[in-house]
Amino acid sequence: MRKRLFQVRKLTCSFKIQRLGIIMKVMSFSFPVSSSPSPTPPAYDLQLHKFSFIDRLKTCKSLEELRQIHTQIIKSNFHQTQLLYTTIISSCSVFHTSYPDYALSAFQHLLNPTIDDYNAIIRCFSNSKSNSLDGFLLYNEMLRNGLIPNNFTIPFLLKACALSRAIREGMQIHAQSIKLGLVLDVYVKNTLMRVYAVCGVIEAVRKVFDGSPQSDLVSWTTLIQGYVKMGFAQEGIQAFFDMCETNLQADEMTIVIVLSACARLGDPHLGKRIHSYLNENKLNRDVFVGNALVDMYLKCGDVELAHKVFNEMRMKNVVSWNSMISGLTQQGEYKEALSVFRKMQNIGVKPDSVTLVGVLNSCANLGVLEMGKWLHAYMDMNQIRADGFIGNALVDMYTKCGSIDEAFKVFEGMRHKDVYTFTAMIVGFAMNGQGLSALDLFSEMPKMGIKPDEVTFVGVLSACSHLGLVEEGLKHFESMSTVYNLVPQAEHYGCVVDLFGRSGLVREAEEFVRNMPVEPDEFIWGALLSSCRLHGYVELGRSVMEELIKIEPEKDGAYILMSNLYSSANRWGDALQVRKIMKQRRMKKIPGCSSIELGGVVYEFQKGDKSHPKSKEIYLLLDDITNHIKDYGHSMLANVLS
DNA sequence: GTAGGGTTAG
């Protein structure tokens, strides 16, 4: 009878499992079966070793080791098979990857699984990334067998929900834990909070947190992280201070999350305060804490302190290097980012895709195509697919370096294109004078089910502007709010001013500026002033210049544009007057800066620059080139060079 | 035997 029950149970289980499409991979692990014991008894007394076998099973560290002991046990004619299978399941459950298939094979041999056996097998599934929710099948079977879930069952199930972002199942378990009176258990509470946190329902996280008075450090940390990950860094920091009021002391994990909140807020004072907390409470500077500090200091703009923390880190991993490279890139320290990357390579740390995204971004901003190409080749050699984040970074690098064809090749090869991919390409086309291609690609987006965002429209509007398509540009501008529910930002208004201005509709541009709902910034006035210069609107230009000077009195841009406007209208006296004012106010034209890349090193230079150690030779060579050009009769070009 | 950690794009 017992055997029949077992068979029925086993069948139900395997039927359900087949129905869910779980492919049993036991063959690859070759689950040993007890039907073929060794015919030759070993020389020593195996009975003495049987329990030590079980102990070894309990402490084994890998599936391979477990399988070997398992086989030895079977060969030794060990009769307590139920104990054996129970031990296998619980051993699997503590592995990092808990091999649910192997554990399930053992589980199917159990005649009367106990609550502990069910907990262990559910735990095995809860650790599995691909099929964590399959543990629910065993949970249902457990309930049908009349077993009552306990304070261990619920956290395992909730962990599976968190891993699979399964909020519906999580809510069901929430309801069950209330019914079972388990919701006050702090482990249940914390795993429940985690499910809601990873599913982005911050209100529910707070409600569960407030729902019971018992909160430990994990509850607080989960609450803080819930806030920070959902973009409520300020609330996360507040929760941290509330926690401190309860006299709980943060540990390294809490501090890492609090530091990430400081990074998001970009608040260096707060970050330094947390850094002091770390020292005052003698917390360990593990690699996670070090990385979080580096990230925080860079996001708060303190490059020097970030370097200091980074240099003092005893242990570094790839994330430490990535934090430096990405952080420096975000701060506009592109050359420094590339130099950190070079150091990383020199000491033999293997870059990952996050490293490459940061480095590509720096290359894009420096315009160093050769290095960008090298990174692309590195990706090919290491079978890193140009997709997702890294594909987008590659497209952006090629467009910013002017290699629009290469960019499009990468774009076409990408399997997963999102709004970032399309935007990088559209902006790239627009920047490289291929407005029509930009608009063509934009029209593809709805067909692919991808909704444009604010940055996409910057590309679309500037494409229209350069093509002189005023009506089409205005139509797209309108569609931002009417079709796509996007709120136009100052830069979109700036694009429209440019759209009118470039086409000679300077009065329309002016009217647009005067009537727009946002306060015009320096870019908007700048666009209007440029169009005044382009089309000779001297008087309007003068009033725009005054507006511009109000916003940025220290900058020279408005004065230069106005002086150029006067000279192009042959009003030399006025042009001179503007230059005079600049001189009186001790303003100098900020020189333009160029850079070239040679052998992977970026050299920056500007007019009159003598900072290079070989500047004397460089200028001699330049004179030589100028003379040659003059010899060929290109006097205009020679004047520019000299 | 159960829970919480850092870096990436237009």
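Below, read A as the first sequence line, B as the second, and so on, with proteins coming before strands; counting in each chain starts at 1. The structure displayed is predicted, hence computed values, not measured ones.
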* Tell me whether A/Y187 is stacked on the nucleobase of B/dT2, counting only the six-membered base ring and applying the 5.5 Å and 30° thresholds. => yes
Sequence neighbours left out, cut at 3.5 Å: what donor-acceptor pairs do the side chains of residues 424-442 of chain A make with other protein atoms?
| from | atom 1 | to | atom 2 | distance (Å) |
| --- | --- | --- | --- | --- |
| A/N432 | ND2 | A/T399 | O | 3.2 |
| A/N432 | ND2 | A/G428 | O | 2.8 |

* Donor-acceptor pair between A/D352 and A/T355 side chains, under 3.5 angstrom -> yes
* Asked: Applying the ring pair (Phe, Tyr, Trp, His ring centres under 6.0 Å) test to A/F107, which of A/Y85, A/Y99, A/Y102, A/Y118 qualifies?
  -> A/Y118
* **Among B/dG5, B/dT7, B/dG1, the one nearest A/K299 by side-chain distance** => B/dT7
* Can you list, by residue number, the residues of residues 213-222 of chain A that have a non-hydrogen atom closer than 4.0 angstrom to DNA chain B? -> A/D216, A/L217, A/V218, A/T221, A/T222
* Please work out if A/K189 contacts a base, only the sugar-phosphate, or nothing of the nucleic acid, heavy-atom cut-off 4.0 Å. => nothing
Output a table of donor-acceptor pairs, distance under 3.5 Å, between side-chain atoms of residues 171-179 of chain A and any protein atom two or more places apart or on a different chain; print 'none' if there are none.
| from | atom 1 | to | atom 2 | distance (Å) |
| --- | --- | --- | --- | --- |
| A/H174 | ND1 | A/Y196 | OH | 2.8 |
| A/Q176 | OE1 | A/Y139 | OH | 2.3 |
| A/S177 | OG | A/I173 | O | 2.9 |
| A/S177 | OG | A/H174 | O | 2.9 |

* Asked: Looking just at side-chain N and O atoms, do A/D295 and A/S323 make a donor-acceptor pair shorter than 3.5 Å?
  -> no
* Give one of base, sugar-phosphate or nothing for A/V94, where a contact means two heavy atoms less than 4.0 Å apart. => nothing
* To do: Taking atom types as modelled, find out whether A/D498 and A/S465 have a side-chain donor-acceptor pair closer than 3.5 angstrom.
  => yes
* Touch class at under 4.0 angstrom, heavy-atom based, for A/D116 against every strand present -> base
* Sorted by number, the residues of residues 406-438 of chain A with heavy-atom contact under 4.0 Å to DNA chain B -> A/D418, A/V419, A/Y420, A/T423
Check: residues 201-213 of chain A side-chain donor-acceptor pairs under 3.5 Å, at least two apart:
| from | atom 1 | to | atom 2 | distance (Å) |
| --- | --- | --- | --- | --- |
| A/R206 | NE | A/D210 | OD2 | 3.2 |
| A/R206 | NH1 | A/Y227 | OH | 3.3 |
| A/R206 | NH2 | A/D210 | OD1 | 3.4 |
| A/S212 | OG | A/K189 | NZ | 3.0 |

* Looking at every strand, decide which applies to A/Q330 at a 4.0 Å heavy-atom threshold: base, sugar-phosphate, or nothing. => sugar-phosphate
* Within 45° of the ring axis of A/Y484 and under 6.0 Å from its six-membered ring centre, is that where the NZ or CZ of A/K451 lies? -> no
* **Sub-4.0 Å heavy-atom contacts from residues 318-325 of chain A onto DNA chain B, ordered by number** => A/V319, A/N322, A/S323
* Does the side chain of A/D396 pick up a donor-acceptor pair with the side chain of A/N392 at under 3.5 Å? -> no
* Look at the rings of A/W321 and A/F310 and say which category their plane angle falls in: under 30° parallel, 30 to 60° tilted, over 60° perpendicular. => perpendicular
* **Sugar-phosphate, base or nothing in reach of A/D286, heavy atoms under 4.0 Å** => base
* Are the ring of A/F389 and the base ring of B/dA9 both nearer than 5.5 Å at their centres and tilted by less than 30°? -> yes
